Structures are given as C-alpha cells and as structure tokens.
Protein chains: 2
Amino acid sequence: MRVSQANGRPRQVLYRKGQPCADVSIVRNGWAFRFAITASGRRQILSFLLPGDLFSTSAVFGDRMHFSVQALTDVAYCGFNREDLQRLIFADPKVSRTFADVCSEQEAFSDDRIIDLGTRSAEERIGRLIIELMARLDRRGQVHDNMFHFPLKQQHLADALGLTQVHVNRVLRRLRESRIMELSNGVLKIFNTSAIRKLADMR
Amino acid sequence: MRVSQANGRPRQVLYRKGQPCADVSIVRNGWAFRFAITASGRRQILSFLLPGDLFSTSAVFGDRMHFSVQALTDVAYCGFNREDLQRLIFADPKVSRTFADVCSEQEAFSDDRIIDLGTRSAEERIGRLIIELMARLDRRGQVHDNMFHFPLKQQHLADALGLTQVHVNRVLRRLRESRIMELSNGVLKIFNTSAIRKLADMR
DNA sequence: CGCGCGGTTGAAGAACCTCAATTCGGGTGG
DNA sequence: CCACCCGAATTGAGGTTCTTCAACCGCGCG
C-alpha cells in the first residue's frame, strides 16, 4: 500500500473543496475540521477530526470532496492510495464490515448534528458538542480528571453550532458562573458532570 | 435475492428507531421521511424519501437504525434480504462503485442540510428545500410546468427546517404575496424560478 | 352536526444577532 | 525593557428573527 505523510500548521488548509486528490487522508495527530463557506460568506464547520479520523468516508470512492479541511492545531496526517485502499477494504469481508460500520457511524453523527441545529437551544448545542468531543477524546485516552486540551476558539464553536461568537461567549460565561464547566487557555474543565449531561440530554 | 413487499398509509410509521430488521428497505412509490424525536419531544425530520431511495445506506450493513421512518402519502416499499444484497453489491466492482456513489451523495445531502440549518434564514431554508425536492422530482419526471405534487404540510417543513409551523406559514405567505411560489392543496407552483433560485443560492 | 386537522392571523416575548468599544495576553521589533 | 500589535475574549446597547400562546376559520368526514 502506497502511503504518503504530511504535516499542517494551525489554520492551514489541508484540503480545498472540489480539488482532485489521489489519496485518502486520515488524521494521525492533532485536530482539524471539515467546513464549507456559503455564497454569503458564512462558514459552517461540518465536523471535527481527531487522530484516527478519515477526512471523509466518501473519499474512499471519489477523488474530490464537497468541503474543505483546515488544521486547528499542529497536525500530522497521511494519505493512502485510493485504489490500494479499496482493494484492502473489499478483499476482506471483515475489513469491509469495519469500514461499513465507520460509514454508518458517520451517518449517525451527521444526523445528530442536524437534530442539534434543528431543535436545540444554544446552551444545549454547546453542552452536547462538549460531551461528544469529550467522549471521542476519552476513547483516545486524552481526558484526565474531567479535563482536556481543547483547541477550539469561541469562533469555531459558533461556526459549528450555527451561533455567533458573541453569543457563544455569553453562554460560556453562564456555564462558568454556574460552575458547570470552564474553557480557558485551550483547556476545558468540567466541574459538574451531571449538570452538563442533563443540559445535553433534555430540555 | 429474497425480496419482500409492503405498503403504508399516510402517517403510518414504517420503521421504528432501534428495531432490528433483516431487510434493507427501499421506497418504490410515494413519499416518506426519516425522523427522530428528541428527549424534549420535538421532532426533527432528517430527510425526505422519494421513489427509489433507500431508507438508509447504513441499513445495508447494520440491522438497526438510529431514526424512524414515517409515510407521508400512500407508500409502496420493498425489503431486500441484507445478506443477499451485500453479496450483490460486493460481488461486482461496478455495483460496489454505484453503491459507494450513493453513500457519498447521502453524505453531501446531510452536510447541505447542516449548512442550511447552521447558516441560513427561514426564507433561504424553505427556498432551498423546495429547490432540492423539485430537482429530485424532476429526475423522476414528476415536475410539469414548474408545478408538482407536494404532500408536505407546513408542520413537516417546520420540523425539517428547524422552524415553527407558524413561522413557516408566514414565510409562505410572503413568498405567495411576492408571486414567487404558491403551495396549496398539496400542489406546489413556482411562478418565478429565478427569484427562488436567487433566494436559495445567496444572501 | 360536530370534530379534527391544517391553515391563518395577532400580540407579546424570548433567543439570538449586529455593531461597536474595551480588555487581555502573548509575541515582536525598536 | 518597553511600546506596539494582533488575535481572541468580553461586555453593552439596541435590533431582528423567530417563537409562543391563543384564537379563529375552512373543510372533509364520520
């Protein structure tokens, strides 16, 4: 299998919407995010990418994607040759199966985001995104004492959740003042796990 | 290939979230939609299903899905045996490829919906949903003279677009009064195609 | 006839946005 | 070392969009 390696600095665009690429990329280290810019100039962050995440499952089949990818921190990523990867996946039913699971997990994540944006308040959206990221980081062993490295700026939260940076700021203040969680200097601390779960799960 | 047939009446739930099913369902006739109900009781419509649409690509691999499906009109649908279908898809690279394309198209649709909900106004969301559905119906030859059967109630538009039925009503009134389009008696007529495209594409 | 579903409308309010000014901290050049 | 700068966070004031609540209408149907 032909594999290429690459690195990205914070803010660097790792892939630009619509560009053809022979490789299927996967994050090895650091954080990145998928996003799109609308005709009116607004940015929507579609998802955050953590170590081990494919840029997109659809990249396994097509050579261009409908979104861009930007690094959030220093990032190491690698690209698998598409044809080699396809052979690898479809040669072994067990691997096909694993890949299929990844696809349906992605579908579920997208649908969850749609539900968040369509039905939930700013507080709930923020709570749920934090919970989701914490769970994903926990699986990677990157959560200690309800505390973890969190490189998103308020503007990233805003663009992921369909809010403005100013409003995100106010919600974070409320959460901080009610001693539920605190985000500062790129570190997120959860003080009241049950409160944030309650916030995230129900009205 | 083992295939089963079934029909559904309007409002009938065709699949309930989390239920195991041995079949992979596909709509043959009529309209349906995928949806979820949040803990607070709000409904989010995730997508509309037209003739030829799979309930979900993830159903090809897993035996339970994370959403429910409800009929909007009289619906005919059929279920393919999962194992048979998997063999059919993965036996022929050409079929695998087609299936993969369907998967990435789904991904693109989901991301578009996220962008709509995250960045656009009520008017834009409604305009874009109409345009999307019109394009999909057009491919099926169901649009004549910028006019087509449209079984969605205002409540469905609201639940798909993260709005209230009351607000959808007001937006539709504005669109009607400005002679852009009209929705009544289950028929949608577009009077001003360029206006609605402008509405849908840009700020 | 009465009932229920869906559409329409008004009034009032909540959630969120826009604009703009200020602060804060870390880096950088003089 | 200090002045400056820049990205990011914070805060206030005022406005817009959308929601909520509630009432009413029209229509098809048992």
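On a predicted model such as this, the values are computed, not experimentally measured, just so you know. Chain letters run A, B, ... following the sequence lines, proteins first and then strands; every chain starts at 1.
For residues 164-174 of chain A, proximity to DNA chain C is found at A:Thr164, A:Val166, A:His167, A:Arg170, defined as any non-hydrogen atom under 4.0 angstrom from a strand atom. Contacts of residues 177-192 of chain A with DNA chain C (heavy atom under 4.0 Å): none. Residues from residues 152-159 of chain B placing a heavy atom under 4.0 Å of any atom in DNA chain C, listed by number, are B:Lys153, B:Gln154.
Residues A:Arg64 and A:Pro20 share a closest heavy-atom pair of NH2-CB, 3.4 Å. Contact between B:Val69 and B:Ala32 at its shortest, heavy atoms only, is CG1-CB, 4.2 Å. Pairing each heavy atom of B:Ser56 with each of B:Met65, the nearest pair is CB-SD, 3.6 Å.
For DNA chain D, the span of nucleotides reached by chain A at under 4.0 Å from its heavy atoms goes, 5' to 3', from D:dG7 to D:dA13.
Within the 3.5 Å criterion, the main-chain N or O of A:Val166 finds no donor-acceptor partner in the side chain of A:Gln154. Between the side chain of B:Gln86 and the main chain of B:Val60, a donor-acceptor pair closer than 3.5 Å is present. Listed for the A:Arg82 side chain is a donor-acceptor partner under 3.5 Å among the backbone atoms of A:Gly62. Side chain of B:Thr119 to main chain of A:Arg42: no donor-acceptor pair is present (N/O by atom type, distance under 3.5 Å, no hydrogens or angles). Side-chain atoms of B:Arg140 come within 3.5 Å of backbone N or O of B:Pro51 as a donor-acceptor pair.
For CZ of B:Arg28, the number of neighbouring non-hydrogen atoms (other residues, nucleotides, ligands) closer than 6.0 Å is 12 at most.
Taking the six-membered ring for Trp and the full ring otherwise, the centers of A:Phe67 and A:Phe35 sit at least 6.0 Å from each other. Aromatic rings of A:Phe99 and A:Phe61 (six-membered ring for Trp) have centroids within the 6.0 Å cut-off, being under it.
Within the cation-pi definition used here (under 6.0 Å to the ring centroid, within 45° of the axis), A:Arg136 does not qualify as a partner of A:Phe48.
Atom CZ in B:Arg176 sits about 12 Å away from atom C1' in C:dT9, given to the nearest Å.
Of the inter-residue distances, the one linking B:Ser178 atom OG with B:Leu199 atom CG reads 9.0 Å to the nearest 0.5 angstrom.
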Trace of the salt bridge (Lys or Arg N to Asp or Glu O under 4.0 Å) decision for A:Asp159 with A:Arg43:
CA-CA 6 Å; A:Asp159 289 348; A:Arg43 176 176 73 172; 2.7 Å; yes
Validation: residues 182-192 of chain A side-chain donor-acceptor distances under 3.5 Å, sequence neighbours left out:
| unit_1 | atom_1 | unit_2 | atom_2 | d |
| --- | --- | --- | --- | --- |
| A:Asn192 | OD1 | A:Ser194 | N | 3.4 |
| A:Asn192 | OD1 | A:Ser194 | OG | 3.2 |
| A:Asn192 | OD1 | A:Ala195 | N | 2.9 |

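The C1' atoms of five pairs define one axis at each end of the helix from C:dC1-D:dG30 to C:dG30-D:dC1, and these two axes lie 30° apart (to 10°).
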